[in-house]
Amino acid sequence: MEIKIISNPAEQECDILVVNLFEGEKTTQELANKYAIEEDKFEGKFGETYLLPTYGKQKARKILVVGFGKKDEFCPDKLRKATGKAIKKANQMEAKTVAFDYSGVDFCFAEQFTYGVGIADYSFDKYKTKKDKHVETVYVNANEDAVRRAEKITKAMKVSRDLANEPAQYATPSKLAEIAQGLGLDTKIYDKEECERMGMGAYLAVAKGSAEPPKFIHMKYSTPNPRKKIAIIGKGICFDSGGLDIKPASSMLTMKDDMSGAACVIGTMTAIKEFAPDVEVHGIIAACENMPGCSAYKPGDILTAKNGKTIEVDNTDAEGRLTLADALCYADELGVDEIIDLATLTGACMVALGNQAAGIVGNDDNLVKSVIETAKACGERYWELPMYEEYKESLKSSVADMQNTGSRWGGASTAGLFLKEFVEKTKWAHIDIAGVAYFDKAQGEFIKGSTGAGVRAMINYILK
Ligand code: BES
Ligand code: MN
Ligand code: ZN
C-alpha cells in the first residue's frame with residue numbers, strides 16, 4: 001500500500017472518502033451532515049462509523065464518517081485507532097483507493113495517522129490460498145517527512161509481526177539466525193559449543209530438550225563516532241511447551257509467540273540500518289526451544305550462568321529468564337551504556353496489566369522513565385512495576401545462589417529481580433511484553449495475532 005501526499009484529498013477521485021466527526025460538531029462534507037447527522041442522528045461517538053454512498057454526486061464513491069468522540073477527550077492514540085478502524089473497514093469493503101480529510105486535528109497528525117494506516121493494513125495470509133484484500137492507495141494531506149519516517153517504523157513492525165506469527169515449525173532458532181545474518185549488519189552467530197565455551201549454562205539447559213539446535217545471535221550496527229551505545233535483547237523462545245513442567249494445552253496454543261521479543265529486536269535492527277543513527281546498536285537473541293525431549297533439563301537441576309551464579313531449577317516453564325540471564329551477562333560485558341530487554345516473560349504481568357500495557361522495571365530510574373515517555377509518545381504503553389528488595393526472599397534456594405521462580409504473587413516483579421542478578425555494571429531496563437505481544441482476537445487497529453510490540457518504542461528511543 002502506498003500513502004500519497006496531496007493538498008486536497010476531499011477532491012480526490014476515490015472509492016472512499018474518510019471524514020471525522022467530533023460529537024456535537026459537523027463534518028467537512030455537506031452530504032454527510034445532511035444524511036448522517038441530521039437525518040440518521042449519527043453522533044460521532046468514538047469508534048462508531050457511518051457509511052454513505054454519494055451516487056455520483058461527488059468524486060468519492062462513498063463517504064465514511066468516523067466518530068472521533070468528544071473533542072476535549074481526543075488524543076493521538078484515538079487518532080491512530082480511528083484511522084486504523086477506517087482502513088480495516090475499507091479492506092473489508094475491498095476498496096482500492098481511500099482519501100482522508102480530517103479537520104480540527106493537528107497534533108502528531110502525520111505520525112499517528114501513518115501508524116494507524118500501517119498497523120491496520122497488516123495481514124498474515126501467506127498460508128492462505130485466497131489472499132486478503134488490501135487498499136492500494138491512501139491519499140492524505142500531511143507532512144511528508146513525518147509520514148515517510150513513520151512508514152519505515154510500521155515496515156519494521158511488519159517484519160516483527162510476520163516473524164512472531166510464523167509457526168514454530170518454520171520460525172526455528174536456525175531460521176532466526178539465518179534471517180539475522182541476512183540483514184547486512186555485522187552479525188555473529190554462536191552455536192552450542194561456542195556458548196558452552198562462554199559458560200552459558202542457563203541458556204543451554206533450556207535448549208537441551210529440543211531437537212532444534214540453539215543459536216545465540218549478536219547483530220551489531222556501528223557508526224564512526226557513536227554518541228551512545230545501546231544493546232537490545234529479545235527473549236527468543238521459538239516455542240515454549242513449558243518443558244517437563246509442561247503447559248496445559250490451552251496455554252500452549254499461542255506459544256509460538258514466545259519469541260516476540262526476538263522478533264522485535266530483528267524488526268528494530270532492520271529499521272536502524274535504514275535510519276543510520278549516530279548510535280551503536282547491538283541486537284542480541286539467545287534463541288532456542290523449550291521442549292520436554294528425553295535430554296530435557298529437569299526440576300532440581302542446578303545451572304551455572306555465564307557470570308558464575310548458580311540457579312536451582314524450580315520450574316522448567318520459567319525458561320525465559322534463564323536464557324535472558326546469559327544474554328544479559330553477555331551484553332553487560334560489551335561495555336554499552338544501556339541494555340534494554342524485551343520478553344514475553346510472565347503470565348503474572350498479563351494478569352496485572354491485561355493487554356493494555358507492558359510492564360517495565362530496571363536498575364536506573366532515568367532510563368526507565370525515558371523509555372516509558374518515548375513509548376507513550378509513539379503509542380505504546382509501558383507501566384512501571386516495583387522491584388522491592390523483599391520480593392527477593394522467594395527466589396532463595398537452599399542448594400544454589402537462587403532458584404528460577406519465586407512466589408506466584410508478584411511474579412512479574414520477582415522475574416525482574418531474577419534478571420537483575422545478571423546485570424552488574426550497565427544501566428538496564430526490562431520490558432515484559434507477555435500481555436501485549438499477541439492478541440487472541442482483533443482489537444482496535446490490530447488484527448488477531450502478533451502486534452509488533454516494542455518496535456515503535458525501541459526505534460524511537462534509539463533515534464531520540
Ligand atoms: N512464555 C511464558 C509467559 C507467557 C504466558 C507469555 C502467557 C505470554 C502469555 C513464560 O515462559 C512462562 O511460562 N512463565 C511462567 C512462569 C512461572 C512458571 C513462574 C508463567 O508466567 O506462568
Ligand atoms: Mn515458560
Ligand atoms: Zn516462555
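We count ligands from 1, going down the list as the structure has it; atoms in each ligand are counted the same way.
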Completion exercise
To atom 18 (C) of ligand 1, the nearest of Asp240, Leu253, Asn315, Thr346 on a heavy-atom basis is Asn315
Handout entry: Residues, nucleotides or ligands: over 12 heavy atoms within 6.0 Å of Lys131 NZ
Key = yes
Handout entry: Per-residue contact class, Ile237 against ligand 1 - non-hydrogen pairs under 4.0 Å
Key = neither
Practice task
Of all the heavy-atom pairs spanning Ile232 and Met458, show the shortest one and how long it is.
Solution key: CG2-SD, 3.9 Å
Problem - Electrostatic pair Lys306-Asp326, nearest N-O below 4.0 angstrom - result: no
Problem - Donor-acceptor contact below 3.5 Å, side chain Asn363 vs main chain Thr426 - result: yes
Problem - Residue part near ligand 1, for Asp317, under 4.0 Å between non-hydrogen atoms - result: both
Fill in the blank from the handout: Looking at Asp240, the N, O or S atom sitting nearest the Zn ion (ligand 3) is OD2
Handout entry: Name, closest N/O/S atom of Asp240 to the Mn ion (ligand 2)
Key = OD2
Practice task
Check whether any N, O or S atom of Ile237 sits under 2.8 Å from the Zn ion (ligand 3).
Solution key: no
Problem - Aromatic ring pairing Phe109/Tyr102, orientation class (parallel under 30°, perpendicular over 60°, tilted between) - result: perpendicular
Exercise for the section: To the nearest 10 degrees, calculate the angle at the Mn ion (ligand 2) involving OE1 of Glu319 and O of Asp317. Expected result: 70°
Handout entry: Geometric N/O contact Thr405 with ligand 1, under 3.5 angstrom
Key = no
Exercise for the section: Give a yes or no on whether Asp317 keeps an N, O or S atom under 2.8 Å from the Zn ion (ligand 3). Expected result: no
Exercise for the section: Please write down residue, atom name and distance for the protein heavy atom closest to atom 21 (O) of ligand 1. Expected result: Gly347 N, 2.6 Å
Practice task
For the Zn ion (ligand 3), find the closest N/O/S atom belonging to Asp258 and write down its atom name.
Solution key: OD2
Completion exercise
Per-atom filter on ligand 1: closer than 4.0 angstrom to a heavy atom of Met350 are 7 (C), 9 (C)
Handout entry: Ion pair Lys188/Glu194, N-O distance below 4.0 Å
Key = yes
Practice task
Measure the acute angle between the ring planes of Phe113 and Phe100, then classify it against the limits of 30° and 60° as parallel, tilted or perpendicular.
Solution key: perpendicular
Practice task
With atom 8 (C) of ligand 1 as the reference point, say which of Arg321, Arg408, Glu319, Met255 has the nearest heavy atom.
Solution key: Met255
Exercise for the section: List every atom of ligand 1 that sits less than 4.0 Å from any heavy atom of Ala434, numbering the atoms from 1 in the order shown and giving each element. Expected result: 6 (C), 8 (C)
Problem - Where Val281 and Met269 come nearest, the two heavy atoms and their spacing - result: O-CE, 3.5 Å
Handout entry: Pairs meeting criterion ring-ring contact (aromatic ring centres under 6.0 Å, His included) with involvement of residues 336-390, two or more places apart
Key = Tyr388-Tyr391
Problem - Check ion pair Lys126-Glu166 (N to O, under 4.0 angstrom) - result: yes
Practice task
Please write down residue, atom name and distance for the protein heavy atom closest to atom 1 (N) of ligand 1.
Solution key: Asp258 OD1, 2.8 Å
Completion exercise
With heavy atoms and a 4.0 Å threshold, my read on which part of Lys235 contacts ligand 1 is side chain
Fill in the blank from the handout: Here the N/O/S atom of Glu319 closest to the Zn ion (ligand 3) would be OE2
Exercise for the section: Ignoring hydrogens and angles, state whether a donor on the side chain of Tyr122 or Asp162 is under 3.5 Å from an acceptor on the partner side chain. Expected result: yes
Exercise for the section: Return the residue, atom name and 0.1 Å-rounded distance of the protein heavy atom closest to atom 14 (N) of ligand 1. Expected result: Leu345 O, 3.5 Å
